[in-house]
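First up is the structure itself, then whatever we jot down about it.
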Amino acid sequence: MKITDKDTAWSWATDRCARRECCRFDIEQKLRETPLSAADRELVLDALEDEKYIDSARYARAFVHDKLAYDRWGRLKMQQALRLKRIPQCDITEAFAEMIEPDTYREALRAVIASKLRSLRFDASDKQAVFAASQKLVRYAASRGFEADLIFSTIDEVLQGALEEE
């Protein structure tokens with residue numbers, strides 16, 4: 001659909017928002033690529049918010065749920081991604097409190113670490129090799145956005161279980 005005026009922009013945006021959860025920033029970025037004036041863009045965005053097609057709190061909850069359940073991201077990475085989408089901090093905090101159960105979060109971290117551990121090859125009897133492997137696990141879990149204190153305690157648990165199996 002070629003967006004040339006407010007009406008086509010409204011039609012396009014409502015269709016897009018009906019198909020998937022969008023935030024104001026996503027729609028605004030797409031509308032910037034059109035010949036629409038800034039005033040018309042703002043009118044369309046404000047109308048979308050008034051009609052509840054876009055809602056930052058709802059978007060934050062959906063984002064947190066999906067990133068934890070499917071991509072196994074940690075809080076830090078999710079928070080950064082939501083900030084880049086200009087979601088207010090109060091909505092981010094609320095979404096974390098609502099959508100992240102401590103046990104589920106810890107289990108997601110455990111699954112990330114266990115998955116990475118299976119891909120590492122090292123001699124379990126060599127302390128230096130175990131240390132090097134644990135450092136790789138720390139870096140990997142940190143890159144997924146998990147907090148350092150949780151990473152260290154979970155790595156200890158997972159490594160202890162893996163070393164006992166051998």
Flag if over 12 foreign heavy atoms under 6.0 Å of CD, Gln89: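 Atom CD in Gln89 is packed in, count exceeds 12.
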Lys136 atom NZ: more than 12 heavy-atom contacts under 6.0 Å: no
CA sep, side-chain torsions, deciding dist, call: Val138, Phe152, side chain to side chain contact (heavy atoms under 4.5 Å, CB included): CA-CA 7 Å; Val138 167; Phe152 290 121; 3.6 Å; yes
Aromatic plane relationship, Tyr70 with His65 - under 30° parallel, 30 to 60° tilted, over 60° perpendicular: perpendicular
Using side-chain heavy atoms (C-beta onward) and a distance below 4.5 Å, is [X] in contact with [Y]?
| X | Y | result |
| --- | --- | --- |
| Glu98 | Arg61 | yes |
| Ile113 | Phe146 | no |
| Lys67 | Arg72 | no |
| Ile100 | Leu68 | yes |
| Ser56 | Arg24 | no |
| Leu137 | Leu120 | yes |
| Glu51 | Trp10 | yes |
| Tyr59 | Lys85 | yes |

Working for side chain to side chain donor-acceptor pair (under 3.5 Å), residues Gln135 and Tyr140: CA-CA 9 Å; Gln135 291 305 305; Tyr140 183 71; over 6 Å; no
Distance from [X] atom [atom1] to [Y] atom [atom2], nearest 0.5 Å?
| X | Y | atom1 | atom2 | value |
| --- | --- | --- | --- | --- |
| Ile27 | Arg32 | CD1 | CZ | 13.0 Å |
| Asp15 | Arg20 | CG | CZ | 12.5 Å |
| Ile92 | Gln79 | CD1 | CD | 5.5 Å |
| Lys30 | Glu33 | NZ | CD | 5.0 Å |
| Thr4 | Asp40 | OG1 | CG | 10.5 Å |
| Arg41 | Ile3 | CZ | CD1 | 11.0 Å |

Please give me the minimum heavy-atom distance between [X] and [Y], naming the atom from each residue.
| X | Y | result |
| --- | --- | --- |
| Ala114 | Val158 | CA-CG1, 4.3 Å |
| Ile87 | Cys23 | CD1-CB, 3.9 Å |
| Thr154 | Arg110 | CG2-CA, 3.8 Å |
| Ala9 | Leu36 | CB-CD2, 3.6 Å |
| Ile151 | Ala142 | CD1-N, 3.5 Å |
| Leu82 | Ala60 | CD2-CA, 4.3 Å |

For [Y], is there any backbone N or O sitting under 3.5 Å from a side-chain donor or acceptor partner on [X]?
| X | Y | result |
| --- | --- | --- |
| Ser11 | Asp7 | no |
| Arg58 | Glu21 | no |
| Ser115 | Val112 | no |

Candidate pair Thr8 and Asp5, rule side chain to side chain donor-acceptor pair (under 3.5 Å), full reasoning: CA-CA 6 Å; Thr8 56; Asp5 60 1; 2.8 Å; yes
Residues Ser153 and Arg106: side-chain donor-acceptor under 3.5 angstrom: yes
Aromatic contact, Trp73 with Tyr105 (centres under 6.0 Å):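 Ring centres of Tyr105 and Trp73 not closer than 6.0 Å.
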ILVMFWY cluster, Leu45 and Leu43 together (side-chain gap under 4.5 Å): no
